[in-house]
Amino acid sequence: MIRLNEVLKRASKKMGVARTDLEDFFKRGEQVIYAAEDWLFHESTPRQWAGLVVDGDVTIVRGLHGSTRHLAVLTPGALISEGAFLEDEAHATGAFTRNGATVWQISQAALAAFREEKPDQFYRIVARVAAGISDRLRMAAERVTGAGPAQLIGDFRTEHDSLGERELPDEVYYGVQTLRAMENFAISGVFVKNFEHMIEALAFVKKAAAQANCELGVLDDARMKAICEACDELLDGRLHDQFTVDMFQGGAGTSTNMMANEVIANRGLEIMGYWKGAYEHLHPNDHVNCSQSTNDAYPTAIKLAVLLSLKDLLGAMDELKVALETKAEAFADVLKMGRTENQDAVPMTLGQEFSAYAVMIESAAEALKRTEDEFHNINMGATAIGTGINSPPGYADRVTLKLSEVSGFALRRARNLVEATQNAGAFAQMSATMKRAAVQISKICNDLRWMSSGPRCGLNEINLPAMQPGSSIMPGKVNPVIPELVNQVCYQVIGYDAVVSMAAEASELELCMAEPIIAYDLLHGMLILKNACITLTSRCIAGIEANREVCRSYVENSIGLVTALVPVIGYEKSAAIAKEALKTGGSVYHLVLEKGWLTQERLDDMLRPENMTDPREIPK
């Protein structure tokens with residue numbers, strides 16, 4: 001609380017709001033502690049709270065598609081998610097903490113109560129919040145669009161490669177080989193810049209290589225420091241817009257590797273005090289790519305990018321699992337009919353159904369974690385085909401150690417570098433395991449659509465949150481758009497697995513030429529599956545409601561009910577009841593009572609959820 005008081009004092013001065021007003025308001029909240037790399041909220045998800053950063057730092061980002069923009073870093077005293085004061089809309093940005101943070105949070109319900117109890121005080125705070133939001137929007141716009149003084153387009157510079165000379169605008173950081181790749185591979189419009197984890201991974205690889213080369217005496221200290229500083233800027237989210245090569249490319253990733261080399265070299269030249277293109281001082285090949293080949297740098301970068309993406313995906317899957325567990329608890333007493341082959345089976349609870357879904361997600365996540373381990377084996381130092389040509393003695397071990405240090409992953413030198421350079425089996429295994437997760441998530445979405453079907457002429461066992469009008473012609477229709485969306489994402493991931501399998505199989509002799517499509521399908525598949533889990537959690541699972549009476553009536557009127565009665569009234573009577581119910585349309589429940597085979601008290605006791613859904617001793 002001491003820390004909160006200090007922060008409130010600072011916030012009061014910054015906002016121009018009386019400290020007593022802020023203290024009265026924030027006492028209605030609670031402290032929430034986030035670990036390093038935790039997400040506080042995701043873009044497009046509903047606002048749940050407004051808060052104040054008490055300790056640590058929070059990064060505000062925009063962009064779910066991979067080319068994330070870092071808009072601001074919030075430090076103690078900054079308001080966060082303050083849009084909750086003004087409106088009920090979804091988050092326009094996402095927020096995560098790089099190093100951990102403590103946030104004092106006030107829920108939407110507490111905000112509403114405060115507005116009703118003390119409207120004058122509430123709107124005094126809101127006025128200052130609105131001004132702060134306006135300032136932040138202006139700064140974000142400047143960050144995203146480069147607003148402010150018009151940017152002057154500079155002169156052109158000339159660069160050359162083995163095919164000849166080309167001119168490039170002097171303001172760009174990529175070079176001639178990137179320019180040729182942009183022209184050669186105008187295929188999908190999906191560029192490397194859309195995959196921030198791939199750029200981060202390339203920066204890790206180049207930084208580690210520079211450090212290892214410097215320690216082994218093949219790169220001088222000044223060039224090493226310039227390369228590392230340029231890589232650190234990439235890791236901070238800068239210059240990602242310079243990664244302009246299409247993800248679909250020939251050359252086994254050479255264009256992506258050279259693009260990274262050129263961007264890092266040109267930024268490094270600026271750091272050293274030279275003009276872009278002055279490669280005699282810092283060369284993309286001789287220095288940034290020192291002791292490397294695309295054939296070890298690129299697959300290693302893919303593995304690191306997959307590991308980074310996997311952390312995001314597993315976090316989203318865990319949120320989905322927790323949401324399903326929450327619903328399992330809430331629906332533990334809702335009796336319904338289980339179904340096999342879309343036919344009535346035996347009673348169960350809706351809670352048991354959702355609990356099974358939670359375990360499905362957990363098992364898929366555990367399978368992904370098991371597959372992750374092989375991605376810690378890397379082939380850095382293999383250079384062209386695994387023999388280590390053009391690298392100094394000890395480089396493979398040294399660069400692996402450095403890459404572990406800079407990336408934070410416990411990496412291992414592959415046991416056989418020739419094998420590791422040509423074998424794409426680990427990629428195929430990860431893709432297959434992602435397919436498993438997609439299959440299980442899609443199955444859950446199928447069930448949600450079935451159980452919510454109707455509402456009058458379907459099962460109508462649950463209500464999904466109504467997200468948008470469902471028809472341009474049929475008034476009042478609402479579709480299960482979120483499960484439908486997630487189904488389609490899962491279909492895409494399942495399809496990607498076929499592509500990755502073919503690409504991995506296409507490895508010939510000492511190299512797999514199809515690694516670019518493997519990189520795209522793995523990274524894009526993880527990205528869309530992560531976003532699908534976030535959307536399914538926040539826009540569907542969290543708002544599901546049970547139609548308890550509908551579920552109960554299906555049990556009472558189902559022929560399947562007789563199965564639960566067999567241990568008490570016997571198989572023959574149960575079969576007779578089932579036959580009569582089917583013939584007359586009567587309910588098993590009422591037929592049993594009419595025949596006097598069970599009292600209503602006994603029958604109702606048998607239909608209690610705890611007596612219907614677990615093994616039990618049945619008194620005769």
Side-chain angles (χ1 to χ4, degrees), residues 43 59-73 92-94 137-157 159 166-207 226-227 229-249 253 255-271 275-277 284 288 298 301 305 308-309 516 519-520 523-524 527:
E43 182 178 333
T59 301
I60 304 297
V61 297
R62 178 70 189 272
L64 288 174
H65 49 76
S67 58
T68 305
R69 295 276 188 169
H70 291 228
L71 302 181
V73 176
T93 58
L137 287 174
R138 174 181 54 78
M139 290 186 288
E142 291 174 355
R143 180 69 185 271
V144 172
T145 66
Q151 182 179 4
L152 297 177
I153 302 298
D155 204 350
F156 287 84
R157 69 179 188 270
E159 293 191 15
R166 294 294 300 271
E167 283 190 339
L168 294 101
D170 201 40
E171 71 271 8
V172 303
Y173 286 83
Y174 54 78
V176 59
Q177 294 201 45
T178 301
L179 179 62
R180 294 193 193 280
M182 291 165 61
E183 295 169 344
N184 290 336
F185 309 131
I187 301 299
S188 70
V190 180
F191 308 111
V192 176
K193 67 182 180 181
N194 293 106
F195 295 85
E196 66 173 344
H197 286 327
M198 187 65 188
I199 298 173
E200 291 168 347
L202 288 163
F204 284 140
V205 167
K206 300 302 174 180
K207 182 176 181 179
I227 292 170
E229 187 172 337
C231 290
D232 286 338
E233 291 184 2
L234 293 177
L235 293 170
D236 286 337
R238 297 180 58 186
L239 299 182
H240 286 203
D241 61 336
Q242 300 297 303
F243 285 73
T244 50
V245 173
D246 201 294
M247 288 291 288
F248 288 68
Q249 57 188 261
S255 295
T256 295
N257 184 44
M258 282 308 305
M259 176 172 56
N261 291 333
E262 290 174 342
V263 171
I264 292 168
N266 280 310
R267 178 58 189 137
L269 285 167
E270 288 184 333
I271 292 168
W275 296 103
K276 299 185 191 76
V288 183
Y298 184 67
L308 290 166
S309 300
Y520 174 78
L523 297 179
H524 192 246
L527 179 70

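Throughout, numbering of the chain's residues begins at 1 and tracks the sequence. Quick caveat: nothing in here was measured; it's all calculated off a predicted structure.
- Contacts of A305 classified as side-chain contact (heavy atoms from CB on, under 4.5 Å), with partners at least two apart in sequence or in another chain: H197, M198, A201, L523.
- Here the side chains of F204 and C231 are not in contact, with every heavy-atom distance at 4.5 Å or above.
- Remark: Q249 pairs with T256 by the side-chain hydrogen bond (donor to acceptor under 3.5 Å, both in side chains) rule, at least two apart or across chains.
- Every residue two or more places apart in sequence or in another chain that forms a salt bridge (charged side-chain N to carboxylate O under 4.0 Å, His left out) with D232 is listed here: K207.
- Between V288 and K206, the shortest heavy-atom contact is O-CD, 3.8 Å.
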- Using the side chain to side chain contact (heavy atoms under 4.5 Å, CB included) rule, take K276 and L269 through it: C-alpha gap first, then chi angles, then the decisive distance, then the call. CA-CA 6 Å; K276 299 185 191 76; L269 285 167; 5.6 Å; no
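- D246 places a side-chain N or O within 3.5 Å of a backbone atom of F248 that can act as its donor or acceptor partner.
- Considering every non-hydrogen atom in both Y174 and L168, the closest pair reads O-CD2, 3.6 Å.
- In this structure, the side chains of R267 and Q242 stay at 4.5 Å or more apart for every pair of heavy atoms.
- A distance of 7.5 Å separates CD of E171 from CZ of F156, quoted to the nearest 0.5 Å.
- Once rounded to the nearest 0.5 Å, the distance linking CG of N266 with CD1 of I271 reads 11.0 Å.
- Atom CG of L527 is separated from atom CD of E196 by 9.0 Å, given to the nearest 0.5 angstrom.
- E167 is linked by a salt bridge (charged side-chain N to carboxylate O under 4.0 Å, His left out) to nothing, counting only residues two or more places apart in sequence or in another chain.
- Residues meeting the side-chain hydrogen bond (donor to acceptor under 3.5 Å, both in side chains) test with Y173, sequence neighbours left out: E270.
- The salt bridge (charged side-chain N to carboxylate O under 4.0 Å, His left out) test applied to R157 returns E159, D170, not counting sequence neighbours.
- Remark: P284 pairs with M258, N261, E262, A265, Y279 by the side-chain contact (heavy atoms from CB on, under 4.5 Å) rule, at least two apart or across chains.
- Nearest approach of Y298 to P516, heavy atoms of both residues: OH-CA, 3.2 Å.
- Remark: I264 CD1 to E233 CD distance equals 10.5 Å, nearest 0.5 Å.
- The heavy-atom pair separating V245 from A181 by the smallest distance is CG2-CB, 3.8 Å.
- How far NZ of K193 is from CG of D241: 6.5 Å, rounded to the nearest 0.5 Å.
- Between the side chain of H70 and the backbone N or O of I60 there is no donor-acceptor pair closer than 3.5 Å.
- Looking at F243 and L202, their side chains come closer than 4.5 Å, going by heavy atoms from C-beta outward.
- When all heavy atoms of V192 and I199 are compared, the closest pair comes out as O-CD1, 3.9 Å.
- Within the structure, salt bridge (Lys or Arg N to Asp or Glu O under 4.0 Å) pairs that include any residue of residues 178-192 comprise D161-R180, R166-E183 (at least two apart or interchain).
- Take V190 and apply the side-chain contact (heavy atoms from CB on, under 4.5 Å) test, not counting sequence neighbours, and it matches S188, N194, F195, M247, Y520.
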